[in-house]
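Here's the structure, in structure tokens; my notes come after.
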Amino acid sequence: MPHAGRPVLNPDAPTPHGASPPEPRPKHFIEQIIDEHIASGPSGGRWGVWPTSEGPARAGKPRVHTRFPPEPNGYLHIGHAKSICLNHGLARDYAGKFNMRFDDTNPAKEEQEYVDSIIRDVLWLGADFQGEFGGGLFYASDYFAKMYDFAEELIRKGKAYVCELSADEVSKRRGTPSVPATSPYRDRPVEESLRLFAEMKAGKHNNGSMTLRAKIDLASPNFNLRDPVMYRILHESHQHTGTTWCIYPMYDWAHGIEDSLEGITHSVCTLEFENHRPLYDWFIHAINEGREPANRIHHPQQIEFAKLRFTYVVLSKRNLLRMVEERTVHGWDDPRMPTIAAYRRRGYHPQAIRNFMEEVGVTRIESWIDLTRLENAARDYWNKHAPRTMCVLRPLRVTIDNWPRNADGTPTVEMLDFVSNPEDPAAGTRKIPFSGELFIEREDFMEVPPKKFFRLSPGTEVRLRWAYFIKCVSVEKDASGNVTAVHCTYDPATRGGDAPPGPNGEPPRKVKATLHWISAAHALTGEVRLFDRLFKAEEPGAAGADGAKRDFMEDLNPQSLEVIADAKLDPHLRDAAQVRTITRSIVEHGVTHTIPIPQPDVFQFERLGYFAIDRDSTRDKPVFNRTVTLKDTWAKDAAKG
RNA sequence: UGGGGUAUGGUGUAACGGUAGCACGAGUGACUCUGACUCACUUAGUCUAGGUUCAAAUCCUAGUACCCCAACCA
């Protein structure tokens with residue numbers, strides 16, 4: 001039977017243009033699995049229903065409990081955003097719960113700075129883990145004592161043993177697909193393993209001297225089952241538990257227990273963990289074996305999906321860390337980075353990111369997504385929401401010869417109405433100063449225009465946005481023939497930007513182009529940073545035609561950042577553009593913490609794109625980051641020739 | 001070489017044995033005080049080869065391509 005689509009619950013989710021009834025999005029495979037669980041029996045099927053203690057909103061509804069479990073070893077990137085949107089979205093759509101959990105089992109790589117940044121980014125994306133669909137904030141390290149007890153239980157059941165092989169030796173004895181692995185410690189008596197494991201915990205042994213291993217199958221074709229390590233010795237301080245522990249659980253041992261203790265129903269992870277699923281299940285079965293039904297621990301279901309991959313982007317934490325450490329970029333939130341923090345600084349709105357994730361969907365197909373899809377999502381969002389303003393990136397001076405002058409020779413100033421956002425009439429208008437000395441964009445003037453260029457050139461008339469029609473009458477040039485300024489005349493009858501109808505009711509005359517401009521005397525000078533992709537190869541570091549692997553750093557785009565130091569900006573931006581601070585609060589150990597999140601204002605600089613105010617700004621020297629350009633069919637046509 | 005996965009227009013996806021649909025992109029045109037937005041039209045696809053069936057993207061067989069796995073990382 002075909003699965004019925006569900007209505008899109010998120011009102012801001014993208015809808016096809018012009019479609020009258022919003023098309024329900026077909027359910028993706030994870031939603032189908034959940035529906036099958038719910039349908040699999042009475043009372044919510046496989047996972048039962050929420051107890052009444054969960055309150056009226058949830059009580060009696062089928063249990064769906066998801067989580068986002070990052071390791072705090074770096075900043076979150078756009079790939080994590082997919083997991084966050086997926087897991088939180090599932091909880092939201094099924095009236096379930098979403099946990100934030102730090103999988104902090106390796107103190108050698110983890111830092112508090114990363115914990116803080118992850119909390120900030122997850123909240124910013126709207127996955128409020130303590131809100132309506134929130135299940136709470138958790139740390140794997142809070143379960144270390146329980147994990148230890150479970151491990152002892154496995155030793156007692158003969159399912160785990162202390163192995164004194166070095167990492168090197170284990171590797172040598174790993175075997176091949178047809179040759180089993182070996183360990184001389186495999187049949188060590190239970191009592192001996194118990195004693196050694198206690199000694200490991202007590203700190204009596206050095207890093208690397210011994211491990212606790214699960215006794216599974218040394219001949220398994222799945223190498224994850226060849227007696228995987230459960231615990232290693234690591235004399236290292238942990239950002240959450242300090243020096244309480246010197247043995248730390250490995251991912252496979254820890255993860256299922258974390259999910260189980262939190263009552264997670266659907267443990268969603270990426271495809272590369274598929275080979276780990278038998279282990280995930282084995283550990284929980286091993287714990288439950290021989291236990292009374294009432295004492296058995298919960299067994300969540302692991303489900304894998306394909307992670308997000310972008311062309312021209314590097315998304316592995318290891319490589320991102322390297323770019324930060326080698327100062328290839330200016331930190332984790334350098335606007336060219338694919339991190340959540342960078343997208344926020346660059347001016348992406350979380351809703352745009354969520355819309356994008358809805359668009360690309362959730363499957364098991366490993367596909368490459370064109371980065372322009374994300375940019376489209378940003379354009380779509382800001383087109384509806386960003387106030388419009390003007391900025392001249394590369395100024396060319398325009399003098400209006402017939403503009404009225406004051407007694408001292410300076411041009412008079414006129415305040416004109418500027419429409420804040422044509423897409424949003426409610427945004428209204430504001431005043432903008434106009435005068436006889438202006439800046440226009442250098443590329444909007446050509447002395448010898450090519451075909452189809454309908455901007456300013458000698459003899460042509462154009463409109464200045466919301467101002468006047470002007471006509472170029474002459475140009476000034478320097479010694480080498482470069483145009484340094486242009487002279488125009490204006491038509492006073494076109495005030496506001498429209499020509500009046502003719503005296504006998506003829507239709508008003510039209511101009512082909514509308515240019516953006518800034519009054520020279522009023523211009524606010526600021527810095528504008530333009531970005532191009534960080535890498536020039538579709539798949540940075542991938543083997544070329546010769547088959548030789550390259551370092552991904554060789555594929556860096558040397559022109560990824562262009563700084564325009566003296567752009568001319570609408571003076572109202574001096575006060576209007578700010579990096580706002582939005583706050584979210586979280587509760588940890590009964591204490592409420594306020595989390596400030598910097599959220600830059602974003603404007604459309606007409607005809608140029610969307611721009612976000614940067615935290616490097618001062619009142620008199622603003623700095624803007626271009627979030628994304630506008631579509632530019634002229635540039636495309638011009639490039640084609 | 002063994003095990004585990006995945007193949008649908010240029011890209012991302014839908015289909016659950018019964019009309020290959022949607023979105024993005026691209027192209028053309030309309031509209032336009034942003035060469036933006038919006039609107040209309042067009043474009044183009046089931047990895048290959050066999051088989052089962054009245055009917056196959058879907059089921060079967062055999063290939064091919066790509067991804068993951070032999071850390072005391074997650």
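Every chain is numbered from 1 and lettered A, B, ... according to where its sequence line falls, protein lines coming before strand lines. Every heavy atom of this structure was used, including side-chain atoms; hydrogens, water molecules and symmetry mates were not.
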Under 4.0 Å, heavy atoms only, any strand: does [X] hit a base, just the sugar-phosphate, or nothing?
X	value
A:Ser166	base
A:Glu304	nothing
A:Arg455	base
A:Pro107	nothing
A:Leu165	base
A:Lys512	nothing

Whether [X] contacts [N] is assessed here as follows: a side-chain N or O lying under 4.0 Å from the phosphate OP1 or OP2. Is that the case?
X	N	value
A:Arg226	B:G2	no
A:Arg607	B:G35	yes
A:Ser367	B:U11	no
A:Lys631	B:G25	yes
A:Ser178	B:G2	no
A:Arg364	B:U6	yes
A:Thr176	B:U1	no
A:Thr105	B:A74	yes
A:Gln32	B:A14	no
A:Arg232	B:C73	yes

If I pick the P atom on B:C68 and the same atom on B:A56, what distance separates them, to the nearest angstrom?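 Rounded to whole Å, the distance is 36 Å.
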
Under 3.5 Å, is there an N or O donor on one side and an acceptor on the other linking the side chain of A:Glu359 and the base of B:U13?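 Between B:U13 and A:Glu359, which were checked side chain against base, a qualifying N/O pair under 3.5 Å is absent.
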
Can you tell me the Watson-Crick or wobble partner of B:G9, both distances under 3.5 angstrom?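 Here B:G9 is not engaged in any pair, so there is no nucleotide opposite it.
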
Please examine the side chains of [Y] and [X], heavy atoms only from C-beta on, and report whether any two atoms are closer than 4.5 Å.
X	Y	answer
A:Lys431	A:Phe418	no
A:Leu225	A:Leu279	yes
A:Tyr231	A:Thr105	no

Is the glycosidic torsion of B:A65 within 90° of 0, making it syn, or is it anti?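 Here B:A65 takes the anti form, which means its glycosidic angle is more than 90° from 0.
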
